[in-house]
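Scroll down for the structure; my scribbles are underneath it.
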Amino acid sequence: MALMNTSDALLTPSKDTYISPSESMSTTIPNKSYTGFVNSGCDLYRGNWIYDQSGPLYTNDSCPIITQFQNCQGNGRPDKVYENWKWKPFECDIPRFDPKKFLELMRGKTLAFIGDSVSRNQMESMLCILWQVEKPKNRGTREMHRYYFKSSSVMIVRIWSSWLVEHNKKPFDFAPEGVEKLFLDVPEEKLMKLIPTFDVIVVSSGHWFAKQSAYILNNEIVGGQLWSPNNSQPMKINNVEAFGISVETFFTALVTHSNYTGLAILRTYSPDHYEGGAWNTGGSCTGKVKPLALDELVENAFTNTMHEQQVTAFQHAIKKRRNSSRMKLMDITEAFQYRHDGHPGPYRNPDPNKITKRGPDGKPPPQDCLHWCMPGPIDTWNQLVFEIIRREYEGDISS
């Protein structure tokens, strides 16, 4: 996943793009043509990272449910500046997240986060923000995390779905038992049964397409990742293409579901920042303490390709809409390529004796450059979710 295009991927530098936090630093995202937007008004996804003196919406001490791997301050990370960057669209201001207003906008509704561990990361961020005004009741089961806010009858749900499509490890044709089989044209059944019970869903996926799996389309093995068809069966699609197909399959199922009338938000591919290798080959983000400046960014070709596949698949799916559901694209990928400072890096556990710096041989300690510190940049995703929901529902409570 660490394929880097270093020949022509450097973005054009902008004068005085990057200055110190005390000088109100900002990193500007170029105003490229863009196809994903939210209702009318300004484009939420073209803007700056600006230093914000008001600080984060919560602390690791004020939220008891942060997964330890993402509790960067609790794990001894010595710097905190990464917590203080605010996303500022060019054409408007996004108000600071108001938990009370969010719960009122969502009164009586259920918000579900669907995806992998990065989706869990986002769900926990949302809970930490809301926890500052009300402690929810945990009504979860092994199959589904569920947190209920009694004052507004709001439910926050999290459902694990690595690929969004049906999968199992049973033998299929010449693919042996034990290899995960992805049925790319079949949406995951458990999700389709639950979808009508959700008013808002935030969907994300992609990172599990780096794992070993066989791809099945139209009841035929068409490819795989870290597993290949035999020589007589050439690979027809790769993991990036399989990702795109899975996204189109899932969202097509949403927009044609006879009982779904809710709001679905696709949060685009979350970039990782492994440098010098992948997560399992010595990749590192050790020592990253501030956002990248515009002229420092080397675009990740794999990330860009995954993003392109995802957005294209989403656009294809929504053209097939047969119900009254609403689909929104929350495009965070480009802006978050600048936030290499927001990952746990070596601060993945509270062990006081853990190694956090490169050794004499230059090798880094074990890293997490995929998930996000809490608090940290990931809270911006929920700020954007709040803004999308505000634009969707604010008229309902003001009338």
Side-chain angles (χ1 to χ4, degrees), residues 1-11 13 17-22 25 27 49 51 56 59-60 66-85 116-118 121 206-208 210-211 226 269-304 306 333-380:
M1 296 179 64
L3 174 63
M4 304 296 288
N5 181 357
T6 57
S7 59
D8 59 0
L10 285 173
L11 300 177
T17 305
Y18 193 90
I19 52 182
S20 69
S22 61
M25 163 195 156
T27 298
W49 287 106
Y51 191 74
T59 68
N60 68 304
I66 301 174
T67 297
Q68 190 65 53
F69 291 142
Q70 281 84 65
N71 188 353
C72 298
Q73 291 299 305
N75 292 338
R77 182 167 172 169
D79 61 299
K80 295 189 69 173
V81 173
Y82 66 90
E83 296 181 350
N84 288 69
W85 299 103
D116 54 22
S117 59
V118 182
N121 202 173
H207 295 288
W208 276 61
K211 295 180 177 289
L226 302 179
Y269 190 75
S270 175
D272 67 58
H273 290 90
Y274 290 101
E275 298 178 2
W279 67 273
N280 59 346
T281 59
S284 170
C285 51
T286 291
K288 309 302 182 183
V289 297
K290 59 185 179 181
L292 286 164
L294 184 63
D295 58 351
E296 293 177 322
L297 180 66
V298 177
E299 293 194 74
N300 186 312
F302 182 83
T303 293
N304 290 344
M306 291 287 277
T333 305
E334 184 177 349
F336 273 73
Q337 290 200 56
Y338 291 83
R339 294 309 310 270
H340 68 162
D341 58 318
H343 301 290
Y347 297 98
R348 305 181 306 156
N349 63 69
D351 180 3
N353 299 314
K354 62 180 171 291
I355 300 172
T356 60
K357 297 181 180 180
R358 293 180 181 272
D361 57 1
K363 292 183 179 180
Q367 304 277 303
D368 180 354
C369 306
L370 171 63
H371 299 93
W372 301 91
C373 291
M374 291 178 57
I378 195 170
D379 302 316
T380 301

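Sequence positions, counted from 1, serve as the residue numbers for this chain.
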Exercise. Sequence neighbours excluded, which residues qualify as ring-ring contact (aromatic ring centres under 6.0 Å, His included) partners of F336?
Worked result: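 For F336, the residues satisfying ring-ring contact (aromatic ring centres under 6.0 Å, His included) (neighbours in sequence not counted) are W49, W372, W381.
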Where [X] and [Y] come nearest, the two heavy atoms and their spacing:
X: C72; Y: P344; result: SG-CA, 3.6 Å
X: P271; Y: Y269; result: CD-O, 3.4 Å
X: P350; Y: G74; result: CB-O, 4.1 Å

Spatial distance of atom [atom1] ([X]) from atom [atom2] ([Y]) [nearest 0.5 Å]:
X: E83; Y: D341; atom1: CD; atom2: CG; answer: 11.0 Å
X: L226; Y: K211; atom1: CG; atom2: NZ; answer: 9.5 Å
X: N121; Y: H371; atom1: CG; atom2: NE2; answer: 6.0 Å
X: Q70; Y: D368; atom1: CD; atom2: CG; answer: 6.0 Å

Exercise. In chain order, what residues pass the side-chain contact (heavy atoms from CB on, under 4.5 Å) check against P365, with sequence neighbours excluded?
Worked result: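 If we apply the side-chain contact (heavy atoms from CB on, under 4.5 Å) test to P365, skipping adjacent residues, the hits are T286, P346, I355, Q367.
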Within the distance-only criterion (no hydrogens, no angle test), does the side chain of [X] pair as donor or acceptor with the backbone N or O of [Y] below 3.5 angstrom?
X: H340; Y: K290; answer: yes
X: D361; Y: K363; answer: yes
X: Y338; Y: P291; answer: no
X: K354; Y: D351; answer: yes
X: N75; Y: N71; answer: yes

Any [X] side-chain heavy atom under 4.5 Å of [Y] side chain:
X: Q73; Y: K80; value: yes
X: V81; Y: V289; value: no
X: S270; Y: H207; value: yes
X: Q337; Y: N304; value: yes
X: K288; Y: H273; value: no
X: S284; Y: E275; value: no
X: C373; Y: Y347; value: no

